[in-house]
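The block underneath contains the structure these notes are about, expressed in structure tokens.
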There are 2 protein chains.
Amino acid sequence: MRISEVAAKSGLSIDTIRYYEKSGLCPPIARGRDGTRQFTAENAEWLTLLSSLRDTGMPTKDMRHFAGLYQTGDATIPERKHLLLEHSRRLEARHETINRCKALLAHKLARYDRILGQSS
Amino acid sequence: MRISEVAAKSGLSIDTIRYYEKSGLCPPIARGRDGTRQFTAENAEWLTLLSSLRDTGMPTKDMRHFAGLYQTGDATIPERKHLLLEHSRRLEARHETINRCKALLAHKLARYDRILGQSS
DNA sequence: ATAGCGGGCTGGAGTAACTTCAGGTCAAGG
DNA sequence: CCTTGACCTGAAGTTACTCCAGCCCGCTAT
């Protein structure tokens, strides 16, 4: 698969994918004889997961750690599982944060409406 | 109110508060004769709102714009209302992103469990 | 066959939003 | 009087990208 296809699939930008490879967040990608990256389906799936983790706020050092475990092999699955469970908990926290913000916005918007109502 | 109190209240770090003042994200804070910042209750409330908006992913240029409107006065309330409504929609999108990620994590975790179950 | 595309490559500079640091002021306590 | 703690400033450092200049390669229209 070409880099542009993986970008479309994963939601990461082409530059970000190259950056991720350079900084060890994904395994080194095989190259064609012209130097272009040839992504396997597994590569693409991995980057899609990273994209999702990033978008939901996983710190990159965790991502880096996770990537290291992934490249080490199946023996690290218990630890990877632990990391993903931890992230699930972070998702709950984010969910809470969003709800609190929603409530705050509702409060502010109500106040704005009161002010606008008064002046008209 | 002292900066440390506002930091505790708002959830922003002391450094971030100073940075926000310097870059115009909050109105200039009054100073005591020793040069320390003396926050009003309104200042503190504003920073708390900014903290919440930041934590839920409002781009800082929007925050800057919003801050400009705030400092201009009540005439800008309709536009501020519009910005907050827009942010509400972004919150929904984030909510979706989190849910998609949850589903993905559940999928990965199930796969890990299958692998671990097999090998035991 | 050659000129112009489109897509990919690299190394390096630029950016956003903080964060950390060095060095200094001031008020209060022992 | 000296230290401690909270605060100040300007500047440098960090993270995670993002953009850019300059180059290669294969394709296709002339």
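Throughout, protein chains are lettered first and strands after them, A, B, ... in sequence-line order, and every chain is numbered starting at 1. Source: prediction; values computed, not measured.
Between the CD atom of B:E21 and the P atom of C:dC18 there is a distance of 15 Å, given to the nearest Å. In this structure, CE of B:M58 is placed 13 Å from P of C:dC18, rounded to the nearest angstrom. As rounded to whole Å, 17 Å separates atom C1' of C:dT10 from atom CD1 of A:I17. If you measure from atom CE of A:M63 to atom C1' of D:dT15, you get 12 Å, rounded to the nearest angstrom. Atom pair B:I29:CD1 and D:dC7:P shows a separation of 14 Å (rounding to whole Å applied). Between the CD1 atom of B:I14 and the C1' atom of D:dG5 there is a distance of 12 Å, given to the nearest Å.
Listed by chain and number, the residues in a side-chain hydrogen bond (donor to acceptor under 3.5 Å, both in side chains) with B:R37 are B:E21 (sequence neighbours excluded).
Contacts of B:S23 with the nucleic acid, taken as non-hydrogen atoms under 4.0 Å apart, are absent.
Expressed to the nearest 0.5 Å, how far CZ of B:R114 lies from CD1 of A:I77 amounts to 10.5 Å.
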**OP:** Decide yes or no on side chain to side chain contact (heavy atoms under 4.5 Å, CB included) for A:R90 and A:D62, but give the supporting numbers first.
**Re:** CA-CA 12 Å; A:R90 237 191 321 253; A:D62 286 16; 3.5 Å; yes
Subject >> Criterion side chain to side chain donor-acceptor pair (under 3.5 Å) on A:D55 and A:S52, from CA distance to verdict >> reply: CA-CA 5 Å; A:D55 287 349; A:S52 191; over 6 Å; no
Original post:
When you look at A:D34 and A:T36, which way does the side chain to side chain donor-acceptor pair (under 3.5 Å) test go after all the steps?
Top reply: CA-CA 6 Å; A:D34 57 350; A:T36 60; 3.0 Å; yes
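Taking only side-chain nitrogens and oxygens, A:R2 never comes nearer than 4.0 Å to OP1 or OP2 of D:dG26. At the phosphate of C:dC9, OP1 or OP2 sits under 4.0 Å from a side-chain N or O atom of A:R37. Phosphate contact (OP1/OP2 of D:dC25, side-chain N/O of A:T36, threshold under 4.0 Å): absent.
Which of C:dG8, C:dC18, D:dT9 sits closest to the side chain of B:R31 comes down to D:dT9.
In this structure, A:W46 and A:Y70 have parallel ring planes: the angle between them is below the 30° cut-off, well short of the 60° mark.
Residue order along DNA chain D, read from the 5' end via each residue's closest nucleotide, puts B:F39 first among B:F39 and A:Y20.
A donor-acceptor pair under 3.5 Å is formed between the side chain of A:T48 and the backbone N or O of A:A44.
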Between the protein and nucleotides 19-28 of chain C, which nitrogen or oxygen pairs come in under 3.5 angstrom?
unit_1	atom_1	unit_2	atom_2	d
C:dT19	OP2	B:T16	OG1	2.9

